[in-house]
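Here's the structure, in structure tokens; my notes come after.
So that the names make sense, note that chain A is the first sequence line, chain B the second, and so on, each numbered from 1.
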Amino acid sequence: MESNSMKLEDGKPQDMEIDPIQSSQSPYSSSFSTMSTAGIGFSNNQSDTNGSVSSPVVNGSTGSRSGEATKAPEASLADKNTLLAVLSFLKKHNLKDTENILKQEAMLSEADMKGGIPSDTDVQSVLLSYASDENPDEYTDAYSQLKTFIDSSLDSYKYEVGQILWPVFVHMYLELVYNEHETQAQTFFIRFSKMQETFHEADLVSLGSIMKKAHLVNSENPFRPLSLGISSGKPGSSSGLYVVRMSREALSLLKRFLQEKRLKLIQNIVQDRIFVDVYDGMPRGKAAVQAVAGHLMGEALRQDNKAKVYYGLLREPDLQNVHMDEDDEEGGGESQNPSSNPTSATPSAQKTDSSQSAQGTPGASSDKSKKKKNKKDWLMSKKGKNDPNAPPINRMPLPELRDIDKIEKAKALREAGKRVPLGPERLPSICFYTILNGDQQVTCIKWSEDGTLMAVGFASSSIKIWSLTPTKLKKLKGASDLAEIERESDDVLVRMMDDRTAETTRTLRGHSGPVYSIDFSPDNSSEDATIRLWSLLTWTCIVVYKGHLFPVWKVVFSPHGGYYFASAGHERSARLWATDNYQPLRVFAGHFSDVTAIIFHPNSNYVATGSADRSVRLWDCVSGSCVRLMTGHKATVHTLAFSNDGRFLVSSGSDSKILIWDLANGGLVTILGQHTECVYTLAFSREGTILASGGLDYAIRLWDFNKLIEDVISEEGGATISPDSKKVSGDHSQVGAYHTKSTSVFGLHFTRRNILLASGPYQQS
Amino acid sequence: VKQSNSNDSPPFNTLPSELVRVIAANNGVDSIDEEAANYVAEDVVFRLKNLILDGLKFMEHGRRKKLHCSDTDNALRVRNMEPIQGLMSRSLLPFRHTSGGGRELSWMVADDAAQDITELTLSAIPKAYGEPSFRAHWLAIEGMQPAVPENPPPYSKADQREDSVDPARKLMQDLEAPKKSSVVYINKTLKSFTVEHDVYRQLATHEPSVEQQLYYKEITEACVGSDESRRTEALLSLSTDPGLYDIVPRLTTFIAEGVRVNVIQKNLALLIYLMRMVKALLENQTLNLEKYLHDIIPSVATCIVSKQLCVRPEVDNHWALRDFAARLMAQVCRNFTSSSNNIQTRMTRIFSKALMSNTADDMSLASVYGAITGLGELGPEVVTAFIIPKLKYIGERISHSSGPDRPLGERKSASQVKEMVMKHVTPALKDTWNLQENLDKAQEQFGEYLAPLIIMSIVQSKAQEAKKVSEIPAPQSP
């Protein structure tokens with residue numbers, strides 16, 4: 001009892017895996033003044049040539065949860081680890097002299113050597129803890145005793161205590177295998193595997209593949225994180241341990257049982273290999289326990305979700321000073337001096353503003369001179385923030401808005417004025433783009449923000465881009481032709497394009513493996529472990545980002561200016577990049593399996609990731625630490641979406657359930673379980689009232705999002721599932737289901753006018 | 001080739017050590033002891049399992065439900081291993097279960113048929129895989145799904161079946177999820193609460209949309225019109241269009257009325273057209289016609305057993321219509337008969353009655369013909385049970401009608417009936433009738449007129465069969 005509750009006292013970071021690339025590099029404190037001319041291609045539009053970007057000064061230490069104070073020792077530790085890695089390499093190749101010299105130069109003691117990077121021998125020594133001389137026949141007996149005890153205990157404790165059945169099962173099996181009692185292990189597995197929860201089925205398959213001691217040591221062991229997790233004796237360290245949350249009463253019940261029956265075997269496992277997070281209060285019921293179960297490593301600790309998350313939105317920049325050339329009657333209203341209405345910050349306020357102030361003071365010449373000053377005003381006015389949950393504007397260095405971005409934003413705003421407000425009473429129109437001849441080939445579909453371009457990635461490693469409007473896709477003229485164009489002319493952007501190359505569809509080739517993800521401000525990732533940045537002006541690949549060692553599953557652009565982007569890959573980590581840097585700025589390591597989904601928070605300060613370890617994490621881009629860990633999925637997470645106000649995160653995946661999380665405390669809001677197959681895409685309507693979802697079950701479902709969150713939105717602390725809730729389900733809020741004719745839904749996108757675009761390949765039967 | 005031993009529990013199957021030894025021998029390692037082979041087998045299984053688990057990840061990210069060869073190739077590449085060359089397959093490899101070796105083992109064997117290379121080179125080049133393209137349509141317009149061919153039919157076949165089995169289902173749905181319409185209904189009842197008869201909901205008349213009305217008009221006109229190409233088009237639409245659910249009741253009513261009128265007017269052509277409409281509707285995969293059988297069955301039955309279907313029965317080929325309708329009826333029986341509606345039982349009863357129609361006029365031979373073809377299409381069991389016992393009586397009628405003193409039309413009818421009897425009775429009797437029986441017994445059973453004909457036809461068909469068998473070359477020993 002004591003030791004378990006002690007573990008709570010101080011939390012060591014769980015995600016201390018130091019990435020070798022990171023640690024061998026000097027910290028990324030480089031600053032970039034301007035983007036190169038290649039910057040033209042980064043934005044989807046015909047952009048201006050001098051896009052200057054503010055200099056993001058970001059620190060290199062990753063995975064640190066402790067913040068500023070520990071940065072220095074952290075860095076030296078990283079250096080040491082690099083040294084140790086080199087040393088072990090030298091040792092391996094029997095280069096003794098070099099090794100000794102390096103040791104002397106680095107003044108490393110033998111003690112230091114001990115705590116190095118886990119090598120294969122270390123793995124073996126950790127696994128040694130599995131060694132026991134217990135009678136192998138006792139395992140079955142002990143486990144069935146535990147099972148009977150849990151089944152016969154009171155309903156109020158049953159489900160909480162029942163949580164330990166799975167980890168105990170896994171560890172007992174592994175222990176049997178480690179001690180080479182193979183036949184007993186098999187009978188143990190066969191007897192009890194059927195009693196496990198249904199969502200452990202996939203785990204059981206991989207657990208069953210471990211049949212020999214050698215398999216356990218093998219680096220391909222899928223249970224490596226679990227089998228390596230052993231309490232190091234130090235209280236408080238929970239890293240790598242399976243986490244079980246239990247009320248105090250339930251735990252004492254369990255302890256009493258184990259002591260009475262003298263089940264030393266289970267007692268050891270519970271003590272060494274399971275981290276019990278004790279809380280005071282009512283034990284949870286079946287629905288509450290099941291809702292959050294499923295993560296590879298058990299439930300999230302409470303302290304995992306303690307850090308404050310600034311989930312509010314950044315202030316929308318003032319667009320009043322944008323001079324609209326092509327639209328004078330409206331542009332006049334918008335080019336009003338911002339100083340006269342400094343408080344207009346929210347989009348709605350702006351909307352009313354621009355419509356009311358038709359008598360503004362335009363004038364192109366005076367406007368130009370004011371521009372510089374206006375910009376300053378704009379920066380100044382950011383300080384007064386009106387959302388209490390919003391992060392400070394300078395928390396994360398963001399690229400300054402270029403004129404072209406502002407025009408685009410203003411356009412979007414005007415379009416927004418024409419959009420149909422959606423709600424449960426007023427459902428959207430859905431335009432479905434069925435992709436023909438793409439069965440088993442299409443891997444991802446994405447639209448540009450304004451919905452004029454559709455990009456489709458194929459398993460054949462090519463990308464196709466279609467123009468959905470009559471505007472043809474043109475190529476930039478050659479360099480010599482470009483030089484002849486007069487720069488000051490009004491139609492320079494039009495003249496830059498070569499009319500002869502106009503086409504409605506274009507294909508981008510360059511990857512050497514299936515393309516798994518695309519995002520506009522065009523960019524995409526691939527099985528060949530690269531991320532490529534493509535220009536939609538020259539229709540060529542501009543940059544190849546090669547930081548990943550394994551396939552990249554997802555790539556996503558930051559909503560602010562297409563400067564930052566993030567990627568998630570097979571190597572259990574996600575990375576944050578800037579377009580003008582070959583190396584990632586941050587590596588988010590902490591997931592126990594592939595990171596399969598990633599998305600930026602609307603305020604760009606955070607990145608949310610979903611993983612094959614069945615958890616969703618939220619990472620702080622500034623510190624690189626994990627600030628939320630949300631468990632509850634029963635299978636791989638494939639798609640994520642933030643609600644428009646930035647407070648809620650929606651996730652879904654192979655388990656076909658859609659889970660809604662409250663970022664205020666990382667609590668689960670509700671579960672939507674109407675889909676019958678893997679869900680691959682989620683989208684919010686432009687005003688955030690309707691959530692659309694689609695996947696392999698040939699259906700698009702619409703949900704009334706306001707109804708889903710109406711109970712939670714008013715609560716200060718965030719969403720919690722009451723321990724005695726009977727069922728966690730938001731299925732009643734489904735407002736529409738539209739089936740297709742054997743066409744899976746791979747992409748969903750709301751246009752600025754709230755028309756839902758959907759697409760997927762038609763499946764030939 | 002992978003073994004799955006059904007006796008063992010699935011997670012702990014291993015490859016047989018013999019296999020390891022065979023592979024080792026192929027690679028020049030001759031002596032490998034049992035223990036080593038077992039060890040290798042176990043390790044291979046562990047690695048294979050991990051590989052497949054990794055391949056599943058690639059499948060999930062490729063957004064497919066089937067594992068492809070390329071997925072495991074990618075998994076191999078991730079482990080820095082050479083992918084397997086030459087095993088590219090677009091679809092799942094065909095595995096099948098077999099048993100062999102005397103033991104009850106179930107093997108999964110890739111069905112890898114040997115292909116003749118010359119045949120392969122001579123055969124036409126397979127069609128090239130089309131370039132991916134897209135096609136846009138409205139999946140929903142302001143929350144409503146329009147009934148266009150791109151969208152699935154508004155009522156799935158399963159729903160239609162549920163509806164016809166349990167009419168109260170819809171009512172239950174309304175009660176469970178009170179929608180706007182039912183709210184209106186409640187208001188209405190409250191308003192007119194004093195008037196008692198208004199409390200009950202009136203039968204709603206369904207108004208088809210303008211498009212549906214137009215479609216109905218076009219289709220019905222085309223189906224019974226004179227333009228054959230338009231008719232083909234209309235029938236194709238009826239047999240493939242997924243959105244017909246709403247106007248099916250109208251179409252079946254059209255058919256029923258049409259048959260009623262045209263039987264009286266003896267318009268053979270129109271009856272044929274109407275039957276073709278029935279056929280088209282039956283072929284439509286998205287429709288469940290169970291609810292409308294009350295219209296369809298009488299119409300079809302009329303076209304089978306009616307005494308007169310055309311103006312000049314001695315010249316017109318109304319026999320073809322009867323045969324066609326009989327096939328339709330057999331299809332209806334196959335598709336819709338159940339223990340609760342007993343369609344087939346009721347139909348056989350109708351046909352049996354027609355068979356025994358005792359009026360002596362020459363027209364009733366047409367009914368007898370219809371009854372025989374109707375019963376014949378239902379299968380040999382029905383023929384054995386209902387036609388064969390009555391052969392004696394049928395023979396009498398035929399012989400009576402084919403006498404030289406009868407009118408030409410009647411004689412022709414008689415020969416048609418005779419032909420039809422032979423067609424259905426011969427296969428039914430072929431296997432059961434012993435040719436060694438003497439003619440007397442046959443005459444006793446089938447009547448004097450038909451017995452020799454039947455015996456002869458059986459002998460003929462047996463001879464034909466024997467000839468066919470002898471033509472097939474004997475299987476060569478391998």
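Residue T434(A) touches chain B through both its backbone and its side chain, counting heavy-atom pairs closer than 4.5 Å. Contacts between C678(A) and chain B at a heavy-atom distance below 4.5 Å are absent for every atom of the residue. For a residue to count as touching a neighbouring chain, one of its non-hydrogen atoms must lie under 4.5 Å from one of that chain's; by this rule L756(A) does not touch chain B.
Nearest heavy atoms, S239(B) versus E283(B): CB-OE1, 3.7 Å. Annotation for P146(B) and A140(B): closest pair CD-CA, 3.9 Å, computed over non-hydrogen atoms.
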Could you walk me through whether R79(B) and D54(B) satisfy the salt bridge (Lys or Arg N to Asp or Glu O under 4.0 Å) test, starting with their C-alpha distance in whole Å, then the side-chain angles of each, then the deciding distance to 0.1 Å, before giving a yes or no? CA-CA 10 Å; R79(B) 282 147 201 262; D54(B) 260 14; 2.9 Å; yes
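Side-chain atoms of N74(B) and R77(B) form a donor-acceptor pair, as typed in the model, at a separation below 3.5 Å.
In terms of non-hydrogen atom pairs under 4.5 Å with chain A, the most contact-rich of E131(B), H137(B), Q145(B) is H137(B). Note on W466(A), Y433(A), Y680(A): by heavy-atom pairs under 4.5 Å with chain B, the leading option is Y680(A). Interface check for chain B: of the options L427(A), I430(A), T636(A), the most heavy-atom pairs under 4.5 Å are formed by I430(A). Residue with the most contacts toward chain B among I435(A), L757(A), L436(A): L436(A) (heavy-atom pairs, distance under 4.5 Å). Taking V735(A), V420(A), L696(A), I700(A) one by one and counting their heavy-atom pairs under 4.5 Å with chain B, the maximum is reached by L696(A). For the set E60(B), H61(B), M144(B), the count of heavy-atom pairs under 4.5 angstrom toward chain A peaks at H61(B). Most heavy-atom pairs under 4.5 Å with chain B, from the set I755(A), T740(A), T596(A): that is T740(A). Across D594(A), T505(A), T743(A), the residue that shares the most heavy-atom pairs under 4.5 angstrom with chain B is D594(A).
Because its NZ or CZ atom is not both nearer than 6.0 Å to the ring centre of Y516(A) and within 45° of the ring axis, K57(B) does not count as a cation-pi partner of that residue.
Note: W553(A) and F58(B) meet the aromatic proximity criterion, with ring centroids under 6.0 Å apart.
Residues R64(B) and D71(B) are paired through a salt bridge, judged by an N-O separation under 4.0 Å between the basic side chain and the carboxylate.
At least one side-chain heavy atom of M454(A) sits less than 4.5 Å from a side-chain heavy atom of F134(B).
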